[in-house]
Amino acid sequence: MDRHEYLSALKERLAALPAEELQRTMEYYEEMISDFMEEGMSEDQAVAMLEPVDIVAAKILAESPSKPGRTRNVLTIALIALGSPVWLSVLIAIAAVVLSIYAVVWAVILSVWAVVVSLIGGGLMAAVAGPFQAASQGAIGWYTMGAGMIITGAGLMLIKPSALLTGWTGKGSFRGLRWMWNKLSVRRKGI
Amino acid sequence: MDVQLKRGLLEICVLAALRAEDSYGYKIIRDLSSCVEISESTLYPILKRLESMGCLSVYSTEHNGRLRKYYRLTEKGEDRIEAFLREWTDVMKMVEFVKGGTKDGQA
């Protein structure tokens, strides 16, 4: 292979490089061949000293950061843009599920308090009504009052556990929300 | 040898080759050949990188009717060589330690 052949072949393979970089690379190799020849080698010997064109080109292209880097960014952005409708739907679906779970959990809490309130309210009513019932119907009125007091007591005793449960649920909900927010934020940073 | 390690060492060697005087591609390879064989396609990216880091500067001069690119060591390049020598003094101590241990037959 003579000098011209080698350099043309190399230039061809490096066509993807930016003009300035290509120019500098070619100058380097032209110079190298000239220097070999100055040392007394023939043109063919000088070219033979160089590594095969394919290998040289591959090494140079591997070094060049700008183009592949740019392509990667554009590709990533394009993919995200293309995928976003799907992404969005998935996100909305997940949000809906999360919301439902929260709704169910808090509905349970609400029912617990409903029980507490009914026990206390109903119990009090019975306790207050008891004496009046006793006045008209006799002993059963005292039973009513007693039962009412017991029920009120039960309701009152349930207040503390219910409050604790509510507290835990509240903390859990908050932590859950924060965890999900972090997960989403990390994804955004990753992009 | 580890590729990255060799790469780093070669960079320093190239800089050292420019210490005495400005040099050009082929001459650098020749000067280095006493310690390591490197191909021109290995040297090229090293020169590019050193230039981008500011460790050497490039200029062209006429030689035998053509232009030849010369590389000159910059102050930053000199600093880099000094830093390398400082770091590797510690490495050499460890190498000596390892060598000494083997001689005594200790595992």
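So that the names make sense, note that chain A is the first sequence line, chain B the second, and so on, each numbered from 1.
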Under 4.5 Å to a heavy atom of chain A? For B:I29 that would be side chain
Does any heavy atom of chain A fall under 4.5 Å from the side chain of B:R66, the backbone, both, or neither of them? side chain
Rounded to the nearest 0.5 Å, what separates atom [atom1] in [X] from atom [atom2] in [Y]?
X: A:D35; Y: B:K27; atom1: CG; atom2: NZ; answer: 11.5 Å
X: B:E40; Y: A:E51; atom1: CD; atom2: CD; answer: 5.5 Å
X: B:S60; Y: A:E27; atom1: OG; atom2: CD; answer: 7.0 Å
X: A:E39; Y: B:R30; atom1: CD; atom2: CZ; answer: 5.0 Å
X: A:M49; Y: B:Y26; atom1: CE; atom2: OH; answer: 6.0 Å

hydrophobic_cluster_shared for [Y] and [X], side chain cutoff 4.5 Å:
X: B:L56; Y: B:Y59; answer: yes
X: B:L5; Y: B:M94; answer: no
X: A:I109; Y: A:W168; answer: yes
X: A:M125; Y: A:L158; answer: no

So do the side chains of B:T42 and A:K59 get within less than 4.5 Å of each other, counting heavy atoms only? yes
Any A:Y29 side-chain heavy atom under 4.5 Å of B:S41 side chain: yes
Mark yes when over 12 heavy atoms from residues, nucleotides or ligands other than [X] sit less than 6.0 Å from its [atom1]; otherwise mark no.
X: A:R3; atom1: CZ; value: yes
X: A:M157; atom1: CE; value: no
X: A:M149; atom1: CE; value: no
X: A:F132; atom1: CZ; value: no

Parallel, tilted or perpendicular, judged at 30° and 60°: which one describes the rings of A:Y28 and B:Y44? tilted
Sidechain N-carboxylate O distance under 4.0 Å for A:E30, B:K69: no
